[in-house]
Every structure is written in C-alpha cells, then in structure tokens.
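Notes to accompany the following structure.
Proteins get letters first, then strands, A, B, ... in listed order; numbering begins at 1 in each. Please read these numbers as outputs of a predicted model, since none were measured by experiment.
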Protein chains: 2
Amino acid sequence: MALDREQVVDAAWHILQTYGLGDLSMRRLARELGVQPGALYWHVANKQELLAVLAQRMVAPLSTSSTGAPTTGASPAGTSPAVADDDATLLIARFRSAVLAVRDGADVVSVAHALDPSGMQPTPLLTAALTRAGMDPAPAETAALTLVRFTLGSVTAQQTRESMDLPTATMAAEFEAGVRAILA
Amino acid sequence: MALDREQVVDAAWHILQTYGLGDLSMRRLARELGVQPGALYWHVANKQELLAVLAQRMVAPLSTSSTGAPTTGASPAGTSPAVADDDATLLIARFRSAVLAVRDGADVVSVAHALDPSGMQPTPLLTAALTRAGMDPAPAETAALTLVRFTLGSVTAQQTRESMDLPTATMAAEFEAGVRAILA
DNA sequence: ACCTGAACACCGTTCAAGT
DNA sequence: ACCTGAACACCGTTCAAGT
C-alpha cells in the first residue's frame, strides 16, 4: 500500500530519537522501511530536506501551547512587563527542553535556525514576549537571537558530552545563569 | 623520509582551511600526503583526535598574545575594573575571529570545548579578565561559559549560512549586541 | 619503525527500467 | 505513480604482511 512522505519522516524521527544522528542514514532508513534506498528520493528531495522537517517537528510544540498570549489588542490590565519577561524565560526554557529531549537535537535545529533565524520558533514568540515586556521591537529581536544562539550553543555542548558519557550535572544551572545575564 | 605527525596535522589543517570539514576525510588526507589511508593511524589514533589537535591550533593564538595580563601581583594602580571588562570584550572578539577564519571552525571547536569547558581557551583567560573587573571567581567562570557558548552558537550559524552562500551582513552586529547584553 | 594491500562494513545520490 | 536494481564515487578503521 505504497510508502508516503509521512511514514518516511516518522521512521526518521524514530531513528533520530533512539539512535542519534550518526545512525540516521538514508540507507538505514530505507532498510527500516523495507525499501531500496532510491525509493526515499521519491518522497523527500534529499537528506537535508528530511532533517529540516525533523527540526520543525522538534519546535512545533512551542507554537501549539500557552505563552502564545495576547498579540492583538492591548495587554490585560493586570499584565505587567515583569510577567511578560517571565514569559520569555519560560519560552526559552521550553525550547531548550524540546531540543535536549531528542538525541543530537541541537545539531539538527542549529542548521534550520541558521537558515531562517527570525522566522523559526522560538524567535518570533520570544520577540513578542520581550516587546510585551516593554522592549522596542528591534532590540527585542536582537535579544531573542542572543537567547536562541546561546541556548543552541549550550545544548550542543551538553549533547556532545552526553554522547560521550561525560557528566552534565552543572549545565542546567549554567544555562539558567546565562539566560538571566542576557535578560538582566 | 618517513611521514610524521606534524605533516599529518599540517595537511589536515590545510584541507580544513581550504575546503572545509566535509572534505576533510582520512582517505582524502592520505591521498594528499601520498600514502595509504591506513598509514595515518600510525601517527594519530583516529579522526577525532586529529580534530581535537586542529581545535587547539585554532585557539592557540589567544594564549600567545596580549591580554594575558597581570595575573600575579596586584593590578597596576591605573587599571580600573572598566578596563578589565574591555579585556573580556576584546578576548571574546578575538576568539570569534579565530574560529570564524577557519571553514567550519565552530563545529570543530565546539566539540573540543564541550569536552573541556573550563580548561580550553578562551575560558580561563576570560575568567581571569572578569575577575580583574571585579567579579567573584564563580560568577566570572559562569559568565565566561555563557560568552563562549553564545559565541560558538553565533559562529556556527554564520558558517552554516556562509557554506550556503546566504547573507551574513547583520551577524557581526548581532554578536556584539549579545556580548554587551551578557556583560551588562 | 613505518607503511602497503586488502578487506569490512558502511555512506548519499542518480537513473534506466520495471510494474 | 511509485519502486527496484545497479551503479558511481565515496567513507573510517583494522591488521596481516612486507621493508
């Protein structure tokens, strides 16, 4: 009953989650799906496109959940700038968790984010949160980029260590300290 | 007259500089040196070790030059905290330049830095500069890690874009804004 | 001590030909 | 429309055997 693009992406997602980027080869993926390697190229243009789709899937939960907050209309009377700043802190923490949860997630998301820095989540959501917190749009966007790049640098380091069974006990606290410094 | 380790590293360095990480294979390196691939394994344990040596070579200039400043004895009477803070700004900018100058430099240095975050340059030099600027040792080390991880995140993004011929005009300014935010 | 030859177990991608 | 078969041009690493 004919392979489709979704099955290809799902199988790739499973390999990435379970075995990491080093094991996510087009040949391995084809084997897992019971087809010849060439068959995959009917459903995806190439490996790069496949990785871009996986990156989108990793950050998708950020857009679907809370903190997408009031963009239209004025902020509710009770919403102070401090609360919106907490929104940014929460948002970047959720981004980190999402990327950290997938093996080699940072490597995959880093490429996607480099291609579209201001369009890809969590950048637009962060920029909105920081604007709500009282920043002008331009510095808000710059601060959002700083947060995302710092986070990707941190998670890349952590996942590299995890892949080598080195300790990572201090890294969550270091991440939080970095976020505080950037938003201070 | 027998290959030695230095020739292997020099040739690898040349390939990395000129063609990037994608072209730095053990087989290609062997071809360039006029030997069989297996011969390389007499001089280096594996590709990972070779990349670690290249990472060291990229950051070596940082240790050999200025801003290594007075560690022993009290600061000169005229040296205010503000000056030492400028030292940190200068140091992280020089780190960025060194990594940015080598194709895919951020990928190579990121791994080395993940393995030894506090030992590898520029972390110890940065920590020293920030301590001179009046910070306590613990927060100084955390701030140094934040700076280095943000910088590696930024340069990774920029080099990804460069490898795809996408514009990078805004990225130097975004880097500087990030550094200011972190040190503010 | 240092290197070759040859193998092992892989890659991503293309494309004529089949159904 | 969708897939196979087969090829092209590669990988990193090991190791007996040669000099």
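- Contacts between residues 40-52 of chain B and DNA chain D, defined by a heavy-atom separation under 4.0 Å, are made by B/Y41, B/N46, B/K47.
- A heavy atom closer than 4.0 Å to some atom of DNA chain D occurs in A/R27, these being the qualifying members of residues 15-32 of chain A.
- Checked against side-chain contact (heavy atoms from CB on, under 4.5 Å), B/T151 has the following partners two or more places apart in sequence or in another chain: B/I92, B/F95, B/R96, B/V155, B/F175.
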Let me check something: any side-chain donor-acceptor pairs from residues 12-20 of chain A under 3.5 Å, sequence neighbours excluded? List them with distances.
{"unit_1": "A/T18", "atom_1": "OG1", "unit_2": "A/H14", "atom_2": "O", "d": "2.6"}

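- A/E49 pairs by the side-chain hydrogen bond (donor to acceptor under 3.5 Å, both in side chains) definition with A/R5, not counting sequence neighbours.
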Base-pairing string, 5' to 3', of DNA chain D - Watson-Crick or wobble, under 3.5 Å, | interstrand: ||.|||||...|||||.||
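- Residue pairs that meet the side chain to side chain donor-acceptor pair (under 3.5 Å) test with at least one member in residues 112-122 of chain B, sequence neighbours left out, are B/H113-B/T123.
- The side-chain contact (heavy atoms from CB on, under 4.5 Å) test applied to A/S25 returns A/R27, A/R28, not counting sequence neighbours.
- No more than 12 heavy atoms of other residues, nucleotides or ligands shown are found within 6.0 angstrom of CD on A/Q48.
- Pairs passing the side chain to side chain donor-acceptor pair (under 3.5 Å) check and including a residue from residues 159-169 of chain A, sequence neighbours excluded, read A/Q158-A/E162.
- The side chain of A/A2 lies closest to D/dC3 when the candidates are D/dT13, D/dC3, C/dT4.
- Listed by first and then second residue, the salt bridge (charged side-chain N to carboxylate O under 4.0 Å, His left out) pairs that reach into residues 118-131 of chain B come to none, sequence neighbours excluded.
- Remark: the separation of the P atoms in C/dC10 and D/dA9 is 23 Å, to the nearest Å.
- The side chain of B/Q36 places no N or O atom within less than 4.0 Å of a non-bridging phosphate oxygen (OP1 or OP2) of C/dC3.
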Compile the donor-acceptor pairs under 3.5 Å between side chains in residues 137-144 of chain A and protein atoms, sequence neighbours left out, one pair per line.
{"unit_1": "A/T142", "atom_1": "OG1", "unit_2": "A/A138", "atom_2": "O", "d": "3.2"}

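- Annotation: salt bridge (charged side-chain N to carboxylate O under 4.0 Å, His left out) contacts involving residues 99-115 of chain B, sequence neighbours excluded, are absent.
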